[in-house]
There are 2 protein chains.
Amino acid sequence: MPKQVAPLAIIDLTADAPCCPPLAKRRVPAETAAVLAPAFKALGDPVRLQLMSMIASAEGGEACVCDLTPAFDLTGPTISHHLKALREAGLVDAERRGTWVRARPAILRQLAALLTVEPTPAG
Amino acid sequence: MPKQVAPLAIIDLTADAPCCPPLAKRRVPAETAAVLAPAFKALGDPVRLQLMSMIASAEGGEACVCDLTPAFDLTGPTISHHLKALREAGLVDAERRGTWVRARPAILRQLAALLTVEPTPAG
DNA sequence: GGACTGTCTTGACATCCGTCAAAGCAGAGA
DNA sequence: TCTCTGCTTTGACGGATGTCAAGACAGTCC
């Protein structure tokens, strides 16, 4: 049985178009899983999920770190650590020294596309 | 006495309707984040992401453990461990002693709804 | 009933993760 | 330039996670 390496060995997560068919439509190849799993993992922490939401829902998809930090009972370094995790997962982008963080909706779109399930066929 | 901890006793993720507005539309409250983050976390491992895809894309959304195990270079107990993680996250359901696992598309729908982003406004 | 097959559970271990305290570093203002 | 403010990085620690080996358990077939 051939390994059947899909033509998307390296996934360009910066692209604006969904990269992959829904998870329930076609079996996710190992390479795709290896690339997308970290993004899900980054959203797998309640603090980061809230951070992501605060950034993405902010005006222009941008937020100031100074507005994010006081929203949690956590120290500054911890928030910075979580923001770094979101950054390394490609979910947010930072400018300058990180005072402003910007959401990258393209990644969210790809994750959403992967999770898309058709409406229940018969119930 | 089997432990069989009931998954997700807090919020009924079994509902078929999306529970939450998109992450980028409204800031996710802490309670919602605490409930949904584990589901993302469960998908945050490449093996589990592939397992989820194999189950959800199988005929009828059901798969046999005997078909899942040989697809990875991992031992049986490890696959069982990952399936348990998916089960506790409410992403899959198991019958009998777990020979058959069934996907729970409602949860995927909710996660997808949370990640939904409107198409780029101007480019 | 007895043995076999296949899955789950337990125990152990190395690694990763979330958190904080302390130190480093980049802008802003005087 | 100097200082002040605020974010990041580093180091450390407790807890969670991924993995495997060994044992336990439920169906199945004889």
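All chains are named by letter (A, B, ...) in the order of the sequence lines, taking the proteins before the strands, and each is independently numbered beginning at 1.
Partners of Glu88(A) according to the side-chain hydrogen bond (donor to acceptor under 3.5 Å, both in side chains) rule, which considers only residues two or more places apart in sequence or in another chain, do not exist here. For Ala37(A), the side-chain contact (heavy atoms from CB on, under 4.5 Å) partners at least two apart in sequence or on another chain are Pro46(B), Leu49(B). Applying the side-chain contact (heavy atoms from CB on, under 4.5 Å) criterion to Pro77(B), with sequence neighbours excluded, gives Thr75(B). Evaluation of the side-chain contact (heavy atoms from CB on, under 4.5 Å) rule for Ser80(A) yields no partner, not counting sequence neighbours. For the side-chain hydrogen bond (donor to acceptor under 3.5 Å, both in side chains) test, no residue two or more places apart in sequence or in another chain qualifies with Lys84(A). Scanning for side-chain contact (heavy atoms from CB on, under 4.5 Å) contacts around Cys64(A) gives Cys66(A), Asp67(A), Thr99(A), Trp100(A), with sequence neighbours left out. Under the side-chain hydrogen bond (donor to acceptor under 3.5 Å, both in side chains) criterion, Arg26(B) pairs with no residue, sequence neighbours left out.
Of the residues in residues 55-64 of chain A, none lies under 4.0 Å from DNA chain D by heavy-atom distance.
Arg104(A) CZ to Asp93(A) CG: the interatomic distance, rounded to the nearest 0.5 Å, is 5.0 Å. Put simply, CG on Leu91(B) and CE on Met52(B) are 5.0 Å apart, with the number rounded to the nearest 0.5 Å.
Among residues at least two apart or in separate chains, there is no salt bridge (charged side-chain N to carboxylate O under 4.0 Å, His left out) pair with a member in residues 32-43 of chain B. Applying the side chain to side chain donor-acceptor pair (under 3.5 Å) test to residues at least two apart or on different chains, the pairs with a partner in residues 43-55 of chain B are Arg48(B)-His82(B).
Across its full length, the helix from dG1(C)-dC30(D) to dA30(C)-dT1(D) shows an angle of 30° between the axes of its 5 terminal pairs at either end, rounded to 10 degrees.
If you measure from atom CZ of Phe40(B) to atom C1' of dT17(D), you get 20 Å, rounded to the nearest angstrom. As a whole-Å value, the separation of Ile79(A) CD1 from dG6(D) P is 16 Å. Computed from coordinates, the Trp100(B) CH2 to dC8(C) P distance equals 13 Å when rounded to whole Å. Taking atom NZ on Lys84(A) and atom P on dT19(C), their separation rounds to 16 Å, with Å as the unit. For the pair Leu68(A) CG and dG6(D) C1', the computed distance is 14 Å after rounding to whole Å. Leu83(B) has its CG atom 6 Å from the P atom of dC8(C), to the nearest Å.
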*Determine, for nucleotides 18-23 of chain D in 5'-to-3' order, which nucleotides have protein heavy atoms under 4.0 Å from the base (write B), from only the sugar-phosphate (write S), or from neither (write -).*
SBBBB-

